[in-house]
Peer 1: 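The structure that follows is given in the form of structure tokens.
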Amino acid sequence: MKKKPDAVILLGHGSRVVEANLPLGEIALLLEEKLGCKVKAAFLQLAQPGMEEAVKTLADEGYVEIAIAPFFLFPGAHVREDIPEMVEKLARQYPDIKL
């Protein structure tokens with residue numbers, strides 16, 4: 001049986017419209033209850049916290065295995081290109097953390 005991660009970043013696109021970002025936080029709380037591990041909402045752009053900030057926060061809190069779960073409707077360029085590139089960069093910045 002696969003070990004679950006210490007924490008999950010639920011990564012949405014983000015919007016300048018603050019109210020549009022709120023459901024991601026609500027879904028993160030529901031997932032946290034279901035998964036039994038820390039789930040933090042973060043955004044790729046236009047809203048905070050960004051993915052980099054979320055990884056830093058979780059690392060500072062002592063999490064050593066962080067799953068990044070894109071929450072996008074379609075697997076477009078962000079999911080196939082941008083997010084993997086960002087994860088590679090963050091993995092180099094945080095070599096002691098499994099992303």
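Being a predicted model, the structure only gives us computed values, none of them experimental.
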Peer 1: Look at the side chain of Asp6 and the backbone N and O of Glu65, then say whether any donor-acceptor pair between them is shorter than 3.5 Å.
Peer 2: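 At least one qualifying donor-acceptor pair exists.
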Peer 1: Is Leu29 close to Val39 at the side-chain level, that is, under 4.5 Å between some pair of heavy atoms?
Peer 2: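 They are not in side-chain contact.
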Peer 1: Do the side chains of Met51 and Leu90 get nearer than 4.5 Å, heavy atoms only?
Peer 2: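 Heavy-atom side-chain distance check passes, below 4.5 Å.
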Peer 1: Kindly say whether Tyr63 contributes a backbone atom to a donor-acceptor pair with the side chain of Glu61 at under 3.5 angstrom?
Peer 2: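 It does not hold such a pair.
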Peer 1: For Ile9 and Val55: C-alpha separation, side-chain torsions, deciding distance, then whether side chain to side chain contact (heavy atoms under 4.5 Å, CB included) applies.
Peer 2: CA-CA 8 Å; Ile9 294 173; Val55 169; 3.5 Å; yes
Peer 1: How many angstroms lie between CG in Leu99 and NZ in Lys89, if you round to the nearest 0.5 Å?
Peer 2: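 One finds 13.0 Å between CG of Leu99 and NZ of Lys89.
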Peer 1: Quick check: are there more than 12 heavy atoms from other residues, nucleotides or ligands sitting under 6.0 Å from NZ of Lys38?
Peer 2: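 Count over threshold, so yes.
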Peer 1: For residues Phe72 and Leu44, determine if any side-chain heavy atom of one lies less than 4.5 Å from a side-chain heavy atom of the other.
Peer 2: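 SC-SC contact between Phe72 and Leu44 confirmed.
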Peer 1: Could you give me the CA-CA distance, side-chain angles and deciding distance for Thr57 and Lys40, then say whether side chain to side chain contact (heavy atoms under 4.5 Å, CB included) is met?
Peer 2: CA-CA 10 Å; Thr57 297; Lys40 182 164 187 62; 4.1 Å; yes
Peer 1: So Cys37 and Val8, do their side chains get closer than 4.5 Å, heavy atoms only?
Peer 2: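 Yes, close enough: below the 4.5 Å cut-off.
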Peer 1: Nearest 0.5 Å, what's the CD1-CG distance between Ile68 and Leu11?
Peer 2: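 Reported to 0.5 Å precision, the distance equals 7.5 Å.
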Peer 1: Is the shortest heavy-atom distance from the side chain of Leu10 to the side chain of Leu24 under 4.5 Å?
Peer 2: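 Touching, per the 4.5 Å side-chain cut-off.
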Peer 1: Quick one: closest heavy-atom pair of Ala41 and Pro49, and the distance?
Peer 2: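 Closest pair (atom of Ala41, atom of Pro49, distance): O-CG, 3.5 Å.
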Peer 1: For Phe71, does the CZ atom have more than 12 heavy-atom neighbours from other residues, nucleotides or ligands under 6.0 Å away?
Peer 2: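 Atom CZ in Phe71 is not packed in, count stays at 12 or less.
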Peer 1: Side chains of Gln93 and Lys56: does their closest heavy-atom pair fall under 4.5 Å?
Peer 2: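 Side-chain contact under 4.5 Å: no.
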Peer 1: Are the side chains of Ser15 and Leu46 in contact, using a 4.5 Å heavy-atom criterion?
Peer 2: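 When only atoms from C-beta onward are counted, Ser15 and Leu46 do not touch, as no gap falls below 4.5 Å.
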